[in-house]
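Worksheet: one structure, shown below.
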Amino acid sequence: MEKFKLFLLRITLLLVICLAQRVTVASAQTTAPVFSPEDVRVYGKQLVVHSDNVLHGWKDEVVSGEMRLYDASRRSTLRAFRRISLERFGKGDKSIIKFTAPADIKGVSALNYENSGSIDDNWLYLPAIKKVRRISGANNTASFQGSEFTYEDLNDLDPDEYEWRFVEEAAIEINNELTDVFKIEAKPTYRDTAYSRLVLYLSKDYWYQTKVEYFDKSGTHLKTKIASRWQQFHGRFWRPLQVDMSNHLTGKKTILSFNHYYVDLSQYVSKKTGEKRKNLKEDLFTKRALVK
């Protein structure tokens, strides 16, 4: 009996230690490091780099959802899509988005290679002409398939491709809820961009961009992106299940809604085999894969 009690005590201690370690790791990932805000440019970049580090480790994603396009009169068009992504921390992530409906856009696909510190590579496959064409740097500012997102907007913000400036800590209202944020200004340092500056609202809870304001080359507030309906995966990674992009000059709007969201496939079990799924491989992210 005494041996059994001792065994239970050891098991309890191990569980407490493991739980404490997980809490410590989670706290370290979400708590803001002690940076000096005296130099607003250095402080702004430190916050953004820390956000990158917190979000690192997701390995891959598989997402399906809908893209609803509204014109200025609120008439809408609905599209369905599927997106797969591969994390390549420090090198630049890869992703493919493929439309699955309606029929007139089904099969249209876009491949993106993020290049850390340089211009990203983009390719587009159009089933009607059965060709893959490269999207040049100048065309990165063009609308992505008629939406309010450009190819440039679909890419993550590389900390090394912007000049950063911390503005203030604030509380902003999104969907009738207050969110504590770091307000940071970003000025692109690369050539092919539609923007003179961006203003990011970086969540203190998620370390994710809850809101981004885009200003065109003349300094006019052109668009606003808002991320909402947050969901946490594996006790660490937060993702928005809805992203709205509003164009203030045209009155148009595009809403991305994600129906199924999988982060790090190795954390899921296959319904067919009962075994853990395997992570995505690089050979899924090629120009040849666009046409499949």
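The structure displayed is predicted, hence computed values, not measured ones. Just so it is clear, the values below take in all heavy atoms, side chains as well, and ignore hydrogens, waters and symmetry mates.
Contact check for Tyr43 versus Ile184: no side-chain heavy atoms found under the 4.5 Å cut-off. Looking at Leu111 and Val132, their side chains never come closer than 4.5 Å, going by heavy atoms from C-beta outward. In this structure the side chain of Trp230 reaches within 4.5 angstrom of the side chain of Thr210, judged on heavy atoms. Glu87 is listed as a side-chain neighbour of His56, based on a closest heavy-atom distance under 4.5 Å. Trp207 has its side chain within reach of Phe182: a pair of non-hydrogen atoms, C-beta onward, lies under 4.5 Å apart. Phe149 is listed as a side-chain neighbour of Thr254, based on a closest heavy-atom distance under 4.5 Å.
Using a 3.5 Å distance cut-off with no hydrogens or angles, the side chains of Asp120 and Asn155 do pair a donor with an acceptor.
Under 4.0 Å is where a charged nitrogen must lie from a carboxylate oxygen, and between Glu148 and Lys253 no such pair does.
Ring geometry for Phe233 against Tyr261 counts as tilted: the plane angle lies between 30° and 60°, on a 0 to 90° scale. Between Tyr214 and Tyr195, the ring planes are tilted. Angles from 30° to 60° get that label. A tilted orientation is assigned to the rings of Trp164 and Tyr162, their planes being inclined by 30° to 60°.
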Apply the test side-chain hydrogen bond (donor to acceptor under 3.5 Å, both in side chains) to residues Gln232 and Tyr206: give CA-CA distance (whole Å), side-chain angles for both, the deciding distance (0.1 Å), then the verdict.
-> CA-CA 9 Å; Gln232 190 178 38; Tyr206 311 137; over 6 Å; no

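Across all their heavy atoms, Phe258 and Gln242 have their closest contact at CD1-N, 4.2 Å. Nearest heavy atoms, Ala186 versus Pro188: O-CD, 3.9 Å.
With rounding to the nearest 0.5 angstrom, the CD1 atom of Ile172 is 9.5 Å from the CG atom of Asp180.
With ring centers used as reference points, Phe89 lies 6.0 Å or more from Trp58. Between His248 and Phe215, the gap from one ring centroid to the other reaches at least 6.0 Å.
Scored by the salt bridge (Lys or Arg N to Asp or Glu O under 4.0 Å) test, Lys45 finds Asp160 as partners (sequence neighbours excluded).
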